[in-house]
Enquirer: 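Please find one structure pasted underneath; my questions will follow.
Every heavy atom of this structure was used, including side-chain atoms; hydrogens, water molecules and symmetry mates were not. Residue numbering restarts at 1 for every chain, and letters A, B, ... go by the order of the sequence lines. It should be emphasised that the depicted structure is a prediction, and the values quoted were computed from it without experimental measurement.
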Number of protein chains: 2
Amino acid sequence: MSAEVECVQKMLEDHGITHTRQREEILSLFIMESKHYKPDEIFKLLRGKGIGIATVYRTLEMLRECGLIKEISVGKDRFYELKNQESKHIYVHFKCNKCGKFFDYYNIEAVQEYVSNVETVEKDMNVKVNDVNINLYGLCSKCKC
Amino acid sequence: MSAEVECVQKMLEDHGITHTRQREEILSLFIMESKHYKPDEIFKLLRGKGIGIATVYRTLEMLRECGLIKEISVGKDRFYELKNQESKHIYVHFKCNKCGKFFDYYNIEAVQEYVSNVETVEKDMNVKVNDVNINLYGLCSKCKC
DNA sequence: CTACCTGCAAAACGTTTGCAAGACG
DNA sequence: CGTCTTGCAAACGTTTTGCAGGTAG
């Protein structure tokens, strides 16, 4: 069993989340391919496996609450993606203003430097920052030509 | 006439947006007090002035398209706020995970440093970044005690 | 006067909820 | 076996749309 799956199972246990066929189907979607999904997309991907849209929403909320996945809002859209367990909770996404496509950004080293600035904000606003979500908007490689 | 108002009028002209009583009411809300509003809040604030909710949505979309205001999505909520015309299009917001309050962050110098990193992203992803939206999540000054 | 804008109400959309039937351990 | 979970359909809140009447220039 991989370390990742073990970690996921521990988190589910810790939150007293029992195992069901539907929850496993949804979770494996996130684990198999680490990308972002809309609730509706998940529903359609799992069509035929007998999972109602209400269950999709209920499961997503449950996984979010126990910190396994995170929610990203971009305009009218809402996505969910696997949450990085190991380290810094920083996420960078890019949305093309022309074609509307939405990309993840993975280069963690580049992102690292953002973190140092968080302390300034914490002091300025007298808050505790746990999560950083950076959304970039512009033109993607195809549309910018 | 202030430089700001002049600038706004020029942008409206440039986009061929004609003047109406309703559009003026909504725009002055943003200009008078530079904060973020939900469509519904605008509708309620202007209640009694005879502005339908459909007009609020249509006007917001129109002002957004011509770059006068910008949209911010946080979970289920959608806000609109005046867009900074002069310089860098960087916006930092903070949402408290406990009480749900949503704050603007204004310390531009602190934010400035974020900009340098954008170039790395542009090169990595082969995109052009026009807008940067940073959402921080954590505990606000009241809730963190 | 013409073209565009508006309010209204209905429709569309994403999300949530109540409930009876079913699955889990 | 009791409890928790599910699918369905209805309810909900937000956003969009069609249309007849009104407004701007």
Side-chain angles (χ1 to χ4, degrees), chain A residues 8-29 36-66 68-81 95 100 102, chain B residues 8-29 36-66 68-81 95 100 102:
Chain A
V8 166
Q9 292 196 335
K10 186 179 177 324
M11 294 188 78
L12 294 175
E13 264 175 45
D14 286 355
H15 286 80
I17 293 178
T18 60
H19 175 274
T20 71
R21 184 178 56 80
Q22 291 87 338
R23 288 172 186 171
E24 178 164 350
E25 294 278 15
I26 293 174
L27 243 179
S28 41
L29 249 193
H36 47 258
Y37 299 96
K38 295 188 213 180
D40 184 58
E41 284 172 359
I42 294 177
F43 176 64
K44 279 174 185 151
L45 280 169
L46 299 180
R47 172 161 296 173
K49 307 212 171 167
I51 300 184
I53 186 71
T55 301
V56 172
Y57 279 105
R58 283 188 281 231
T59 304
L60 288 175
E61 174 56 17
M62 163 174 282
L63 296 177
R64 194 193 60 75
E65 257 192 4
C66 80
L68 263 165
I69 61 176
K70 77 186 306 281
E71 177 197 85
I72 311 145
S73 297
V74 193
K76 287 154 263 293
D77 293 326
R78 252 158 106 190
F79 299 96
Y80 290 86
E81 71 177 41
K95 176 170 185 182
F102 188 60
Chain B
V8 167
Q9 292 196 335
K10 185 177 178 325
M11 295 188 78
L12 294 175
E13 265 174 45
D14 286 354
H15 286 79
I17 292 178
T18 60
H19 174 273
T20 71
R21 184 177 57 79
Q22 291 86 341
R23 287 171 186 174
E24 178 165 351
E25 295 277 16
I26 293 174
L27 243 179
S28 42
L29 250 193
H36 47 257
Y37 299 96
K38 294 188 213 180
D40 184 58
E41 283 172 0
I42 294 177
F43 176 65
K44 280 174 184 151
L45 279 169
L46 299 180
R47 172 161 297 172
K49 307 212 169 164
I51 301 185
I53 186 73
T55 300
V56 172
Y57 278 105
R58 284 188 282 232
T59 304
L60 288 174
E61 174 56 16
M62 163 175 283
L63 296 177
R64 194 192 60 74
E65 258 191 3
C66 81
L68 263 164
I69 62 175
K70 78 186 305 281
E71 179 196 85
I72 311 145
S73 297
V74 193
K76 284 154 263 296
D77 293 325
R78 251 157 106 191
F79 298 97
Y80 291 86
E81 71 178 38
K95 176 167 187 186
F102 187 60

Enquirer: In whole angstroms, how far is the C1' atom of dT6(C) from the NZ atom of Lys49(B)?
Expert: 17 Å
Enquirer: Rounded to whole Å, please give me the gap between NZ in Lys76(B) and C1' in dT15(D).
Expert: 17 Å
Enquirer: Strictly below 4.0 Å, N to O, side chains only: are Glu61(B) and Arg64(B) in salt-bridge contact?
Expert: yes
Enquirer: Looking at every non-hydrogen atom in both residues, tell me the closest pair between Thr55(A) and Ile26(A) and how far apart they are.
Expert: O-CD1, 4.4 Å
Enquirer: Compare all side-chain heavy atoms of Leu45(B) with those of Tyr37(B) and state whether any distance is below 4.5 angstrom.
Expert: yes
Enquirer: Quick one: is dT16(C) close enough that its OP1 or OP2 comes under 4.0 Å of any side-chain N or O from Tyr57(A)?
Expert: no
Enquirer: Taking DNA chain D as the partner, which of residues 17-29 of chain A come within under 4.0 angstrom of it by heavy atom?
Expert: Thr18(A), Thr20(A), Gln22(A), Arg23(A)
Enquirer: Within this structure, what is the CZ-to-P distance between Arg58(B) and dG18(D), rounded to whole angstrom?
Expert: 11 Å
Enquirer: Tell me: CZ of Arg47(A) to P of dG7(D), nearest whole Å?
Expert: 13 Å
Enquirer: Any side-chain N or O of Arg78(A) below 4.0 angstrom from OP1/OP2 of dG14(C)?
Expert: no
Enquirer: Reckon Ile51(A) touches a base, only the sugar-phosphate, or nothing at all at heavy-atom distances under 4.0 Å?
Expert: sugar-phosphate
Enquirer: To the closest 0.5 Å, what do you measure between CZ (Arg23(B)) and CD1 (Ile17(B))?
Expert: 6.5 Å
Enquirer: Nearest-Å distance, CD1 (Ile53(A)) to P (dG7(D))?
Expert: 11 Å
Enquirer: Quick one: Asp40(A) CG to dT16(C) C1', roughly how many Å, whole number?
Expert: 15 Å
Enquirer: Classify the angle between the aromatic ring planes of Phe79(A) and Phe102(A) as parallel (below 30°), tilted (30 to 60°) or perpendicular (above 60°).
Expert: parallel
Enquirer: Going by heavy atoms in the side chains, are Thr59(B) and Thr20(B) under 4.5 Å from each other?
Expert: no
Enquirer: In whole angstrom, what separates Leu60(A)'s CG from dG14(C)'s C1'?
Expert: 13 Å
Enquirer: Starting from P on dG13(D), measure out to CG on Asp77(B) and report it in whole angstrom.
Expert: 14 Å
Enquirer: With a 4.5 Å limit on heavy-atom distance, are the side chains of Ile42(B) and Ile51(B) in contact?
Expert: no
